[in-house]
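In this chain, numbering begins with 1 at the start of the sequence shown.
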Amino acid sequence: MSGTPSRWYDPYAGLPVPVQVLMWFLLAVILATFLSVGFLMARAWFELRRQRRDRDAADESDFLWVFVVPALNEEVTIADSVSRLHAVEATHRVILVMDDGSDDRTPEILAGLDAPGLEVVRREPPRARTGKSAALDHAWEYIRHEVLARPEFASWPRDRVVVGVVDADGRLAPDGLPAIAGALARDERVAGVQVLVRIYNRGRYLTWAQDVEFGVTAYVYQLGRSAWGTANLGGNGQFTRLTALDDVATDANMPAYTRHGPWRDRLTEDQDIGVRMHQAGWRCVQLVVTRVDQQGLTNLRRLVKQRVRWAQGAWQSVALLRGVGRGGMSPLARVDTVIYLLMPALQLVMGLGLVLALFFFAFRDTPFVAGWPVLLFLLALAFFPGIAALTMTPPPGLRQLPRALIGVLPYLAYTWLTWIAFPVSLLRQTLGITGWTKTAREPLDANLPDHATLPEDPPGPGGS
């Protein structure tokens, strides 16, 4: 079909009216993206300088650290993870592994580890294998009724008991607790601290892109929101006060065989509990001066499956919009939270808009073809936010600009590879399909000895 020539101020002339409305809406979203990314980057830069200055401003010995490791069939990584937690510089420490009914060598390996402070809680059917949330709620019960009932821990005030969730493939930096302690000691309203997540096997394209993705999220969006106290909590490397967990404990939407607890039956239980902490008046912050390394996925099918699960959890979290007015957040923080919770819908619509633009470009003779809207879509959706965000990946700064210019196209290709997660997850959520099978771990880049005891000199963080 043909249409009237488009003008620069009316680039969508000649398109069907519903398409014009959609394109103008997406253009407004693009402009808002420019402003929000720039604003968050500025806030993130000041927050980064402050964190570097105050990195060792607190004493980790002021806190009792309880590392919780959910473990289901983790024979590949569990010994490595526990050994690194044992190597963390902590004066007061408990390593609590929640063996969620493993039927591989996980129980045998855990029994053979020589790690003072290690406790293993074996979950049996029917309580076992009902989700990560259920394992974390069980750990919360165990800490309150078992760990803190012991004479050596009974005197600890609960706001000084810190529960750190470390996945079974996690490698927590051994010198990172002072920075976490500083964030908690500086503001008693801080309930949760999320540390930087890095991918330690980032030698392939997919794992490199995952590492960049986590870096962009932490250094731009999460760090920018920290001053508001609305940073999100992640599933790996999150540290929360026991008092805050007690405060958000509920009996609604609980996992199977769980009557009460902080974590609810959600596919992204970390996102859910973080937002509910904000709504309860607590603050959450992102730290980038310490880190936890984890395993990246090298298989595209497994990666998309993981992202579908994450996206479906984000769809579930949209229901949290009704509580945005709680918690005493500033107006800007509330707007940011609304956008954050609506992000799966916005990303879905933006992707569909680009597909529609390419359709008109390829199959319809419209003024839209020859104009700049397609180019604007590509540039705005990709290059400016992408390049700007990549300059903030570790270590952030203008010296990263050449790398950002080179890496933006490969990274954007990765983001579009995983875009399919949004429509698929929406379909699953609409149909009420919430069951998932665990993604198998891949072999470690450096395994511990066969006898699975701690080496005399435990390996350090990173290992990339």
Side-chain angles (χ1 to χ4, degrees), residues 51 55-56 58-71 74 76-98 109-110 113 115-120 132 135-136 139 143 161-184 192-202 210-211 214-215 217-218 222 231-242 270 284-296 394 441 444-448 454-455 457-464:
Q51 286 190 14
R55 188 183 189 283
D56 299 313
D59 189 347
E60 57 80 19
S61 66
D62 292 336
F63 295 88
L64 170 61
W65 305 92
V66 184
F67 302 115
V68 176
V69 184
E74 298 287 2
V76 175
T77 59
I78 192 63
D80 180 74
S81 180
V82 170
S83 72
R84 292 171 187 275
L85 288 175
H86 182 263
V88 171
E89 298 166 7
T91 306
H92 311 287
R93 164 192 24 225
V94 175
I95 303 173
L96 181 59
V97 177
M98 305 301 295
I109 293 173
L110 287 169
L113 289 175
L118 172 63
E119 300 185 28
V120 180
K132 184 177 180 181
L136 293 174
I143 293 167
V161 178
V162 181
V163 180
V165 178
V166 180
D167 287 348
D169 63 335
R171 298 175 169 183
L172 190 64
D175 61 348
L177 294 188
I180 302 171
L184 294 168
V193 176
Q194 175 63 47
V195 304
L196 174 66
V197 177
R198 298 295 307 272
I199 300 297
Y200 64 73
N201 58 331
R202 51 184 178 271
Q210 291 165 65
D211 185 64
F214 284 123
T217 300
Q222 288 274 81
N232 189 38
L233 295 179
N236 192 15
Q238 65 177 31
F239 292 81
T240 51
R241 295 184 197 266
L242 184 57
D270 45 3
C284 296
V285 299
Q286 168 76 50
L287 285 184
V288 295
V289 291
T290 188
R291 61 197 265 184
V292 61
D293 293 81
Q294 69 180 39
Q295 201 178 79
R441 301 291 185 198
L444 288 174
D445 56 340
N447 292 297
L448 291 177
L454 289 172
D457 184 16
S464 58

With a 3.5 Å distance limit and no angle check, can you tell me whether [X] reaches the backbone of [Y] through a side-chain donor-acceptor pair?
X: Gln286; Y: Gln194; value: yes
X: Arg93; Y: Leu85; value: yes
X: Asn201; Y: Gly296; value: yes

How many angstroms lie between [atom1] in [X] and [atom2] in [Y], if you round to the nearest 0.5 Å?
X: Leu118; Y: His86; atom1: CG; atom2: NE2; value: 9.0 Å
X: Asp169; Y: Arg84; atom1: CG; atom2: CZ; value: 11.0 Å
X: Leu177; Y: Asp62; atom1: CG; atom2: CG; value: 12.0 Å
X: Arg171; Y: Asp80; atom1: CZ; atom2: CG; value: 4.5 Å
X: Trp65; Y: Ile180; atom1: CH2; atom2: CD1; value: 5.0 Å
X: Ile109; Y: Thr77; atom1: CD1; atom2: OG1; value: 9.0 Å

Side chains of [X] and [Y]: does their closest heavy-atom pair fall under 4.5 Å?
X: Thr91; Y: Glu60; answer: yes
X: Asn232; Y: Asp270; answer: no
X: Val66; Y: Leu242; answer: no
X: Leu172; Y: Phe239; answer: yes
X: Val166; Y: Asn236; answer: yes
X: Asp175; Y: Arg55; answer: yes

Does this structure show an ion pair linking Asp293 with Arg198, if we count only N-O contacts that are shorter than 4.0 Å? no
Is any side-chain N of the basic residue among Asp167 and Arg441 closer than 4.0 Å to the acidic one's carboxylate O? no
For [X] and [Y], work out which heavy atoms get closest and say how close.
X: Ser81; Y: Gly170; answer: OG-O, 3.3 Å
X: Met98; Y: Val68; answer: CG-CG1, 4.1 Å
X: Ala179; Y: Thr290; answer: CB-CG2, 4.5 Å
X: Ala58; Y: Ala181; answer: CB-C, 3.7 Å
X: Ala79; Y: Leu113; answer: CB-CD2, 4.0 Å
X: Ala173; Y: Val88; answer: O-CG2, 4.1 Å

Please lay out, stage by stage, how Arg241 and Phe63 fare under the test side-chain contact (heavy atoms from CB on, under 4.5 Å). CA-CA 10 Å; Arg241 295 184 197 266; Phe63 295 88; 4.3 Å; yes
Applying side-chain contact (heavy atoms from CB on, under 4.5 Å), run through Arg291 and Val195 and close with a yes or a no. CA-CA 5 Å; Arg291 61 197 265 184; Val195 304; 5.6 Å; no
side-chain contact (heavy atoms from CB on, under 4.5 Å) assessment of Ile199 paired with Gln294: CA-CA 5 Å; Ile199 300 297; Gln294 69 180 39; 3.9 Å; yes
